[in-house]
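Everything below concerns the one structure shown next.
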Amino acid sequence: MAIFFFIFLTLFSAVLLEFLFGGIGIIAPTALPVVFYFSIACGWRAGLFCAIAAGVALDAVYGRIFPLSTLLLSISSALSIFWILREDSKKLLMNLIPAIVTGFIYTAPPCIIILYRHGLDWQNLFSAFFRLSFGIFLSLLLFPLVIVFLDSFGDSFGFRLFRDARDRLLKKF
Amino acid sequence: MRYEYSGILKTLTLVTLGLSVVIVFAVRPLRESVSRFSMDFLFPYLKTPTEVELKVNKGGLYLKSKINLVADIEKLKATNLKLAAKAADASIFENENRQLRTMLRIQGRTGFTPVQAGIMTRDPISWDETFVIDKGSDDGLIPGALVLAPVLSGDNGFSEAATLSVVGRIKTASSRSAIVSSIVDENCKLSVRLPESSSAGIVNGGLRKGKEYFLKISYLPKDISYKKGEPVFTSGFSDSVPAAFFVGRIRDDSDIKIKDNLYKEIFIVSPVNFGELDFVMVMVKGQK
């Protein structure tokens with residue numbers, strides 16, 4: 001039961017932070033590292049559920065007709081499962097690769113949509129490039145921080161940890 | 001056998017989750033219910049930054065010197081006097097207008113009350129098109145209600161001093177907040193009237209060019225000529241939209257096009273800067 005509260009509170013804070021950044025026009029992928037963490041630490045079902053819950057909340061409050069955030073977070077969750085099958089979760093710095101890839105996947109489509117809506121000129125191109133770079137940079141910054149923070153928190157409560165995910169997976173097979 | 005079972009379970013979970021998302025977003029009433037629930041649930045947290053900002057602004061007053069505060073009060077007094085004189089002047093016309101309407105048996109834009117609302121959050125993807133405000137159905141807001149914003153003189157080259165201009169319409173309203181769809185959004189339709197040429201059309205989305213916002217009016221009679229600078233107002237054909245609120249002006253003759261040899265399409269320029277709005281006014285029907 002405690003793990004559900006842990007997931008809920010973490011995801012809730014991440015979504016709220018994304019709303020706060022969104023309110024000042026910044027596409028900040030704050031829910032992304034949390035979805036990535038739980039997809040690997042708690043399994044693909046929990047990860048996908050987190051992606052859908054966070055995505056639906058984001059899309060619903062923004063009043064979007066197309067569930068963009070839900071789709072992009074679900075894709076990122078699926079990619080994180082693929083990542084843990086390939087790479088060791090103990091190497092913290094190696095997680096910068098999925099941070100770049102998922103950060104790009106999560107930030108690029110909104111940037112393209114904005115560019116399409118505002119028209120293709122130098123100012124809009126620069127603005128879209130800046131948004132994309134900032135999104136990826138934030139993702140690079142948040143991934144290791146979230147992993148370290150949630151692992152240390154989970155360790156003290158006896159939850160399943162990110163750093164042991166690969167070992168658990170190998171044991172299972 | 002165990003692996004086969006886990007494979008089926010995996011597929012079932014995936015299909016269920018996928019279907020639930022598709023159903024939520026494909027069925028409009030369900031999407032709106034989810035939207036209302038999420039908005040109400042997150043309302044106190046989304047409202048906090050705006051409240052903190054207001055408190056910090058108020059707190060900033062304590063840091064001002066007494067001399068500056070006195071100067072501000074003097075300025076406000078002068079503005080107050082000017083506005084009071086204007087209001088007194090307007091009340092004469094209001095009475096005259098009411099009498100004339102009664103004589104001619106024309107219904108006025110009665111029964112609407114303005115509700116002031118602050119913008120809580122915006123979607124960075126559709127910054128100019130949709131935003132969330134801090135008033136909802138508890139304050140009488142209903143989907144389709146007209147949203148206005150004050151336009152200061154000189155904004156976007158408009159000469160109308162401190163007038164109200166149309167921003168959009170309420171898309172979804174939860175009990176404490178609502179989503180506004182601006183008239184730049186092509187999903188927001190608004191019936192408008194061009195009194196100088198005695199014609200009516202429908203605002204059907206718009207576009208941004210630099211700092212200016214252009215709105216597209218479709219279905220205008222093709223055999224009527226429209227002049228540059230002609231004002232456009234709300235028609236009031238809809239029950240939830242009051243008539244005679246300023247929408248924009250025809251910028252140039254070149255913005256007029258004939259579509260499918262059936263109707264004219266015009267681009268008008270709006271005085272509202274949709275990207276920099278902080279407060280709006282919602283016209284609510286049947287409230288005092």
Side-chain angles (χ1 to χ4, degrees), chain A residues 12-13 15-28 43-49 51-71 73-74 77-78 81 107 109-119 121 123-124 127 131 134-135 172-173, chain B residues 6 9-10 12-14 16-18 20-22 24-26 28 30-46 48-50 53 119-132 170-172 174 177-181 184-187 205 207-210 275:
Chain A
F12 180 72
S13 317
V15 168
L16 208 63
L17 212 60
E18 193 152 336
F19 277 127
L20 296 182
F21 274 110
I24 48 171
I26 296 170
I27 304 166
W44 69 273
R45 279 188 201 92
L48 202 60
F49 182 76
I52 290 173
V56 166
L58 284 163
D59 291 327
V61 171
Y62 283 146
R64 290 177 188 156
I65 295 165
F66 182 73
L68 188 74
S69 292
T70 314
L71 186 76
L73 283 173
S74 303
S77 168
I81 317 275
T107 326
C111 291
I112 293 165
I113 293 169
I114 294 168
L115 202 61
Y116 173 74
R117 280 184 178 169
H118 289 183
D121 62 36
Q123 196 189 343
N124 291 338
S127 164
R131 278 172 201 264
F134 189 74
K172 198 177 170 185
F173 288 109
Chain B
S6 90
L9 202 70
K10 253 183 200 180
L12 264 177
T13 318
L14 272 176
T16 316
L17 285 173
S20 59
V21 172
V22 169
V24 164
F25 282 92
R28 201 179 159 192
L30 205 60
R31 188 175 66 218
E32 282 177 2
S33 304
V34 171
S35 179
R36 278 198 292 269
F37 172 77
S38 310
M39 277 156 67
D40 275 342
F41 184 72
L42 288 164
F43 178 79
Y45 310 99
L46 292 175
T48 309
T50 327
E53 198 185 327
I119 293 173
M120 277 202 306
T121 189
R122 284 170 184 255
D123 183 359
I125 300 173
S126 52
W127 189 260
D128 301 326
E129 285 95 7
T130 49
F131 47 86
V132 184
I170 300 288
K171 189 178 178 185
T172 318
S174 73
S177 56
I179 299 173
V180 176
S181 191
V184 184
D185 183 7
E186 57 183 30
N187 294 310
L207 54 102
R208 182 184 172 177
K209 276 181 193 168

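Naming convention: chains lettered A, B, ... in sequence-line order (proteins, then strands); numbering from 1 in each chain.
Both the backbone and the side chain of B:Ile125 come within contact range of chain A, judged by heavy atoms closer than 4.5 Å. Within the 4.5 angstrom heavy-atom criterion, atoms from both the backbone and the side chain of B:Val34 approach chain A. Interface remark: B:Thr130 contributes side-chain atoms only to the contact with chain A (heavy atom separation under 4.5 Å). Proximity to chain A (any heavy atom under 4.5 Å) is shown, for B:Phe37, by neither the backbone nor the side chain. Residue A:Phe21 does not touch chain B at all, counting heavy-atom pairs closer than 4.5 Å.
Listed by first and then second residue, the salt bridge (Lys or Arg N to Asp or Glu O under 4.0 Å) pairs involving residues 109-119 of chain A are A:Arg117-B:Glu129 (not counting sequence neighbours).
For the pair A:Pro67/A:Val56, no side-chain contact is recorded, criterion being any heavy-atom separation below 4.5 Å from C-beta on. Between B:Phe43 and B:Met120, some side-chain heavy-atom pair lies under the 4.5 Å cut-off. No side-chain heavy atom of A:Gln123 sits less than 4.5 Å from a side-chain heavy atom of A:Ser127.
Options B:Thr121, B:Leu207, B:Ile179, B:Asp123 differ in how many heavy-atom pairs under 4.5 Å they form with chain A, and the most are formed by B:Asp123. In terms of heavy-atom pairs under 4.5 angstrom with chain B, the leader among A:Leu68, A:Val15, A:Ile26, A:Leu16 is A:Leu16.
When the options B:Ser35, B:Ser174, B:Ser177 are evaluated for a side-chain hydrogen bond (donor to acceptor under 3.5 Å, both in side chains) with B:Asp40, the one that passes is B:Ser174.
Side-chain rings of A:Phe19 and B:Tyr45 stay apart, their centers remaining 6.0 Å or farther from each other.
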